[in-house]
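Throughout, protein chains are lettered first and strands after them, A, B, ... in sequence-line order, and every chain is numbered starting at 1.
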Protein chains: 2
Amino acid sequence: MGDLKLPSLDPTSDRPVFKQIADHLRAAIESKALTPGEKLPSESQLIGHYEVARMTVRHALQILQSEGLTVAQHGKGVFVRPRPPVRRLASDRFARQHREQGKAAFIAETEGVGAKPSVDSITIKEEKPSQDIALRLGLSDADRVVVRARRYLIDGHPVETATSYIPASIARNTRIAEPNSGPGGIYARLEELGHRLDHFTEEIRARMPLRDEARALRLAPGVPVFHLVRTAYDQAGRAVEVCDTVMSSDAYVLSYELPAQ
Amino acid sequence: MGDLKLPSLDPTSDRPVFKQIADHLRAAIESKALTPGEKLPSESQLIGHYEVARMTVRHALQILQSEGLTVAQHGKGVFVRPRPPVRRLASDRFARQHREQGKAAFIAETEGVGAKPSVDSITIKEEKPSQDIALRLGLSDADRVVVRARRYLIDGHPVETATSYIPASIARNTRIAEPNSGPGGIYARLEELGHRLDHFTEEIRARMPLRDEARALRLAPGVPVFHLVRTAYDQAGRAVEVCDTVMSSDAYVLSYELPAQ
DNA sequence: CAGTGGTCTAGACCACGCG
DNA sequence: GCGTGGTCTAGACCACTGG
């Protein structure tokens with residue numbers, strides 16, 4: 001880091017000092033003068049270079065952190081945020097041919113890129129659905145759902161949490177309500193139960209994580225999440241599952257194919 | 001705001017004071033005790049309530065802002081961030097039937113929900129494509145592209161910037177290279193030129209905006225963007241356009257349909 | 001004008017990582 | 001032990017908003 005050239009402050013500028021400092025460091029990162037994983041100048045070095053108070057350089061560093069450009073490590077320094085490997089999700093990822101090989105979608109996709117997938121925090125319960133879930137599943141007031149929650153990890157790093165809601169009238173006392181849902185996952189079980197799948201819809205939002213989400217996904221500050229809600233329909237046109245997932249946005253690229261007509 | 005009940009600090013907790021204050025305010029927002037548009041207690045009020053230094057309450061408020069929960073207005077106060085109306089983009093939005101009614105996709109979608117769409121900052125140039133764009137379009141080294149950039153607004157609020165790249169061999173000296181590309185937009189022109197469209201692919205990322213993007217979309221702090229790259233293919237299988245768009249994440253919900261096989 | 005948030009200073013003490 | 005970042009204080013002056 002010793003050879004990084006930072007400009008001086010422009011005292012004639014209206015731009016606040018902390019923003020100028022943030023601009024300098026941001027430019028260094030975007031121009032690759034500082035590369036991912038590399039250490040930024042320490043607070044003391046920046047204080048010395050710019051001749052400002054500590055809070056001023058901390059403010060600048062905080063800007064970069066909230067932009068997702070850096071991560072601070074207590075006792076070590078501030079580093080350009082390394083970019084984790086990205087999983088590309090293709091629009092055919094739920095095609096029957098993949099499922100019939102006996103692997104759930106997450107496992108199949110991930111092994112393809114040489115990373116070690118795993119799943120933890122599996123919980124299963126039966127409850128009254130929220131209004132939103134009931135609407136998506138076309139359920140009425142008395143109906144209940146089986147709720148399967150789990151967390152997906154790659155090489156030990158959490159990347160996604162998912163919660164599935166299946167009408168209890170379909171899933172109760174089946175393997176769908178067991179922690180290990182068997183080869184091919186719950187979509188394979190739904191087909192065995194006579195709900196041949198026809199299509200899925202996915203709704204995608206992006207936003208900053210809630211506190212719990214940031215903790216569950218071990219997200220660095222400044223990293224948004226994808227919030228994806230998928231609904232599975234059988235060939236009778238019935239919604240048979242809603243899956244609510246929150247994904248670390250820097251672990252994923254979503255990919256879809258659209259028809260021209 | 002006068003009737004908001006905030007807990008006291010827990011002096012036995014290890015959790016830093018500024019995080020405890022942020023927790024209290026976040027809980028008030030998430031529980032709807034403070035609703036979108038409503039004013040938070042002022043810094044002086046928080047200083048009085050918690051008996052802490054000003055920088056401590058500012059730190060807490062800054063956390064909420066970086067989470068996208070609040071916006072500060074100089075001289076007025078800090079407010080729960082109002083949620084703008086959301087545009088839902090369906091996966092059939094580029095279907096030929098919509099285009100044939102003579103409207104470009106953005107205009108057609110937006111008028112449907114009673115908002116006033118507009119487009120500005122249209123620029124057109126011809127240039128050598130970046131490596132990424134050349135790869136997506138299947139171009140070789142000597143080829144050039146026509147670049148159409150524009151910004152989309154709803155009721156005067158910018159929501160999306162888009163940049164289209166079309167091989168110059170297709171678009172040069174056509175209406176695609178004119179500011180007004182005519183009824184149905186550039187996809188209609190491409191079809192008239194014999195490139196009957198077959199399908200599109202879209203790649204979606206989410207991230208925090210760059211400085212320029214935050215300015216162009218007038219994004220509040222803590223609001224991420226969708227970065228969407230769409231490629232259009234004609235029935236000969238040729239990529240005829242790449243469109244790179246950056247969208248305010250709180251103005252959009254993206255929606256797709258996936259086949260089960 | 002009073003009240004609000006925005007910028008900045010100059011200190012203090014603490015907790016972590018590493019040699 | 002020393003350098004790093006994390007928390008917190010107690011002030012100062014400024015700029016914007018609204019009555």
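- For Thr56(B), a side-chain nitrogen or oxygen approaches OP1 or OP2 of dT9(D) to under 4.0 Å.
- Under 4.0 angstrom from either OP1 or OP2 of dT4(D) there lies at least one side-chain N or O belonging to Ser44(A).
- The nucleotide whose nearest atom lies closest to any side-chain atom of Glu43(A) is, among dG6(D), dT9(D), dG5(C), dG6(D).
- The pair Arg136(B)-Glu241(B) does not count as a salt bridge, with every side-chain nitrogen at least 4.0 angstrom from each carboxylate oxygen.
- Regarding Leu46(A), its CG atom lies at a distance of 16 Å from the P atom of dG3(D), rounded to whole Å.
- In this structure, Gln65(B) places its CD atom 12 Å from P of dG5(C), rounding to the nearest Å.
- Side chains of Leu40(B) and Leu46(B) form no contact here, defined as non-hydrogen atoms less than 4.5 Å apart.
- In this structure, the CD atom of Gln73(B) is 15 Å from the C1' atom of dA15(D), given to the nearest Å.
- We find that the ring of His74(A) and the base of dA15(C) stack, their centres lying under 5.5 angstrom apart and their planes tilted less than 30°.
- Contact between the side-chain N/O atoms of Lys76(A) and the OP1/OP2 oxygens of dG5(D) is not found at any separation under 4.0 Å.
- Distance alone, capped at 3.5 Å, is enough to place a donor-acceptor pair between the Ser66(B) side chain and the Ile63(B) backbone.
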Query raised in the report: Run the salt bridge (Lys or Arg N to Asp or Glu O under 4.0 Å) check on Asp244(B) and Arg230(B) step by step: do they pass?
Result: CA-CA 7 Å; Asp244(B) 184 298; Arg230(B) 176 175 54 251; over 6 Å; no
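- For the strand DNA chain C, secondary-structure stems (runs of at least three Watson-Crick or G-U pairs, all distances below 3.5 Å) span C:1-18 with D:1-18.
- Remark: the backbone N or O of Thr245(A) is not paired with any side-chain donor or acceptor of Glu160(A) at under 3.5 angstrom.
- If you take CD1 of Ile47(B) and C1' of dG3(C), they are 12 Å apart, rounded to a whole angstrom.
- Atom pair Phe18(B):CZ and dC14(C):P shows a separation of 18 Å (rounding to whole Å applied).
- Taking both residues in full, the closest heavy atoms of Ala60(B) and Phe18(B) are given as CB-O, 3.3 Å, listed atom of the first, atom of the second, then distance.
- Phosphate contact (OP1/OP2 of dG5(C), side-chain N/O of Arg58(B), threshold under 4.0 Å): absent.
- Between Ser42(B) and Val17(A), the residue whose closest nucleotide on DNA chain C is further toward the 5' end is Ser42(B).
- Summarising the geometry, the separation between CD on Glu51(B) and P on dA10(D) is reported as 11 Å, rounded to the nearest angstrom.
- Rounded to an integer number of Å, the gap from Gln62(B) CD to dC8(C) P is 13 Å.
- Counting atom types as modelled, Arg54(B) pairs a side-chain N or O with a base atom of dT7(C) as donor and acceptor under 3.5 Å.
- Nucleotide dG5(C) holds its P atom 9 Å from the CG atom of Leu40(B), rounded to whole Å.
- The closest donor-acceptor contact from the side chain of Glu38(A) to the backbone of Thr35(A) lies under 3.5 Å.
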